[in-house]
Amino acid sequence: MKDCRKVDLQFGFPGQVQKSGSYPAPANRRPGCKPYRPKNKKMNEYDNQSMKLTTYKLPDSLPADLERMRSEVEKFRNGEISAAEFRSFRVPQGVYEERAEGNYMLRVRLPAGALLPHQVRTLADVSRRFGNGTLHVTTRQDIQVHSVKIDALGDALETLASSDLSTRGGGGNGVRNITSCHDAGVCAEEVFDARPYAVALTEKLIDNPDNFKLPRKYKIAFAGCPSDCGGALVNDLGFIAKIRGNSPGFAVYAGGGLGAKSATGAQLEEFIPAGDCYRVAEAVKRVFNAHGNRRNKHRARLRFLIKQVGFERFKELYRAEFDSIGDGSGVRLDPKAMPDPEGETAKNSSTDGTEGGGGGDDRIWVERNVVSQKQTGLKVVSLPLPLGDIKAESFRRLAGLLEQHRTASLQTTQWQNLRIRSVPETALPGIYNDLRGLGLAGSAPVVIQNATACTGAQTCKLGICLSRGLTEAITEKLGELSGKLDETGDLKISVSGCPNSCGRHPIAHIGFYGGARRVDGRLTPHYTVQLGGRLGEGRTRLAETVDVLHARNIPRFIEELLKAFAASPAFPDFDAFLQDGGRHTAAEIASQLKCVPSFHADKNYYYDYGSQELFSLAGRGPGECGAGVFDLIEVDIKSAGESLADGHLLQAAALAARALLVTRGEEARDNYDALKLFEKHFIAPGLVKGEAKDAVELALNIC
């Protein structure tokens with residue numbers, strides 16, 4: 001039972017009536033580049049009205065940013081600035097270099113995850129024209145455009161701006177996308193709609209360029225009730241909706257975050273008036289900016305500062321900044337009206353057809369993908385996206401569907417899916433048929449639909465394992481299971497390609513993060529298994545490690561664990577199952593799946609899921625994924641010590657050499673190669689003591 005107080009408050013969604021495409025084109029726009037405009041020649045009143053709306057006001061400095069992006073691209077291409085200088089500008093603008101050389105990713109900022117139909121169409125257009133034709137929904141409710149060439153960056157960003165979309169702040173050391181519960185505004189359990197404050201706070205913070213020069217990223221989340229679907233307790237700063245008297249406000253938590261060293265937030269304020277959100281966020285930011293660690297980015301997040309100085313001292317610093325800001329009108333948030341092209345008409349509209357759920361596929365789809373809103377007669381329709389991906393053409397046609405059914409907006413979720421809001425119940429059959437035509441009427445059990453993965457080593461330079469490939473293998477295995485999958489309810493399975501938690505594995509019921517282990521002298525993909533993550537004010541818990549398994553053995557682990565869960569008296573309560581011996585059961589299952597065959601017995605174990613090449617760390621960004629690298633170094637050093645104790649001196653020397661070669665991005669083919677590479681990278685430059693040279697030469701002669 002959710003402990004949420006229901007209050008009938010009509011808070012709007014902050015948006016400005018602003019003409020789309022109001023940002024002037026830079027004078028040096030490339031010939032032939034035109035801002036996006038809808039192709040339909042006959043634009044009806046709905047289209048005209050919706051094109052004037054935006055989910056949030058972009059900063060006034062954006063045109064200058066767009067012009068500078070073109071300039072920086074030209075300078076970089078002409079060799080006038082270094083890769084590091086180019087990176088220092090583009091990353092805070094939400095433009096990341098991908099693993100494949102020459103490809104870039106654009107992370108489009110969507111405060112509270114909201115999108116209007118014309119923005120959906122523009123995103124599809126940008127992906128089709130400039131990217132790889134596939135859009136990706138992130139666990140932070142952004143949408144990413146992948147595989148954009150450097151020459152297309154300026155045109156792509158300008159096209160986004162024409163529909164009031166921007167990547168600004170999508171990366172770098174600054175304020176990231178501010179998230180909210182995906183059903184905010186329509187959930188019957190919420191205290192009040194927190195989205196207006198998430199969006200209004202975004203407008204305040206991204207307008208200040210100094211907010212993108214912080215010691216590290218600054219993540220903020222809002223939740224509409226203590227269930228904390230928005231993840232407020234695992235962000236640097238979190239707001240949970242409360243009511244005191246008749247006034248809306250928030251409990252405030254600080255110091256949470258997901259990563260190699262995840263943490264849950266501690267209560268900073270028991271209650272603040274809703275209008276003070278900016279004052280709180282600005283005060284915390286100032287403390288972070290003044291005292292955060294700028295020397296070691298792996299210890300630079302707000303939670304590390306709090307751990308260093310202590311929470312009570314942090315509160316003192318915060319309170320001093322909060323008081324210095326004052327409570328004038330300039331620091332109070334002013335949520336604005338919801339950008340709804342149809343207003344109340346959409347809520348009362350009807351579409352020919354009967355109520356959904358009549359039978360067959362339609363009935364299953366309704367059961368698994370449709371929930372009631374708190375507004376009578378309206379439904380939320382979930383669109384499950386495998387791995388968070390959707391084809392640009394399907395996305396473009398989805399915009400037309402939204403307009404056809406007069407639905408105001410589309411919502412992204414932190415579990416990488418989409419949700420259509422305010423669908424009249426009588427429209428469900430038509431929506432189902434339309435979505436089926438787009439390939440978006442997925443009706444798999446919810447546990448499969450919610451399976452989450454980061455992009456992993458497929459595109460991310462920090463990735464170690466192909467997390468998307470493992471997730472596909474897991475969902476395929478789940479699809480083979482019959483019986484009680486629907487009864488598992490909201491069970492979450494998450495996969496991250498490295499310890500950095502982009503797949504949100506620390507708050508999943510069942511989570512995995514990638515690493516490397518050496519077997520028979522070769523690198524192999526392994527995952528740390530974690531269980532028991534959950535969200536909720538007063539009950540947030542990070543998942544705990546059970547064991548480390550080879551990637552190929554993970555689907556079998558999932559299968560056996562869910563069978564044991566279904567047979568448990570605690571079913572379908574996964575938390576109760578873990579407390580009632582489930583952790584011990586999971587450990588026993590894992591212990592039976594530890595075996596990794598030799599390379600000659602089964603070569604599949606030496607390839608990652610979906611890869612045609614032997615597993616390696618090739619392509620990983622140098623020095624950027626410290627957690628995964630140190631993990632592998634520890635394994636090699638431990639193995640070297642065991643070989644030395646057993647009298648295998650040559651093997652010990654080679655393993656010790658391999659441990660350091662990881663720091664140079666090298667992967668040796670055999671013992672001889674490991675020693676030669678060690679000689680090249682460490683002995684020749686004089687980085688190790690001279691006597692090591694004689695030992696390595698002796699070992700090379702033995703090889």
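Remark: R436 fails to qualify as a cation-pi partner of W365 under the 6.0 Å distance and 45° angle criteria applied to the six-membered ring. At least one cation-pi condition fails for R195 and Y197: the charged atom is not both under 6.0 angstrom from the six-membered ring centre and inside a 45 degree cone around its axis.
Ring orientation note: the planes of F222 and F239 are close to parallel, at an angle under 30° on the 30°/60° scale.
Taking the centre of each ring, F192 and F250 come in below the 6.0 Å mark.
Evaluation of the side chain to side chain donor-acceptor pair (under 3.5 Å) rule for K492 yields D490 as partners, not counting sequence neighbours. R109 meets the salt bridge (Lys or Arg N to Asp or Glu O under 4.0 Å) test with no other residue; sequence neighbours excluded. Considering only residues two or more places apart in sequence or on other chains, R397 meets the side chain to side chain donor-acceptor pair (under 3.5 Å) condition with none of them.
Between D125 and R396 there is no salt bridge, since none of the side-chain N atoms of the basic residue sits less than 4.0 Å from a carboxylate O of the acidic one.
Two residues are said to be in side-chain contact when any heavy atoms from C-beta on lie closer than 4.5 Å; L478 and I493 meet this criterion.
Of the inter-residue distances, the one linking K149 atom NZ with N132 atom CG reads 10.0 Å to the nearest 0.5 angstrom. Rounding to the nearest 0.5 Å places CG of D155 at 6.5 Å from OG1 of T159. The CD atom of E189 lies 11.0 Å from the CG atom of D183; values are rounded to the nearest 0.5 Å. Atom CG of L123 is separated from atom CG of L410 by 10.0 Å, given to the nearest 0.5 angstrom.
In this structure, a donor-acceptor pair under 3.5 Å is present between the side chains of E98 and H146.
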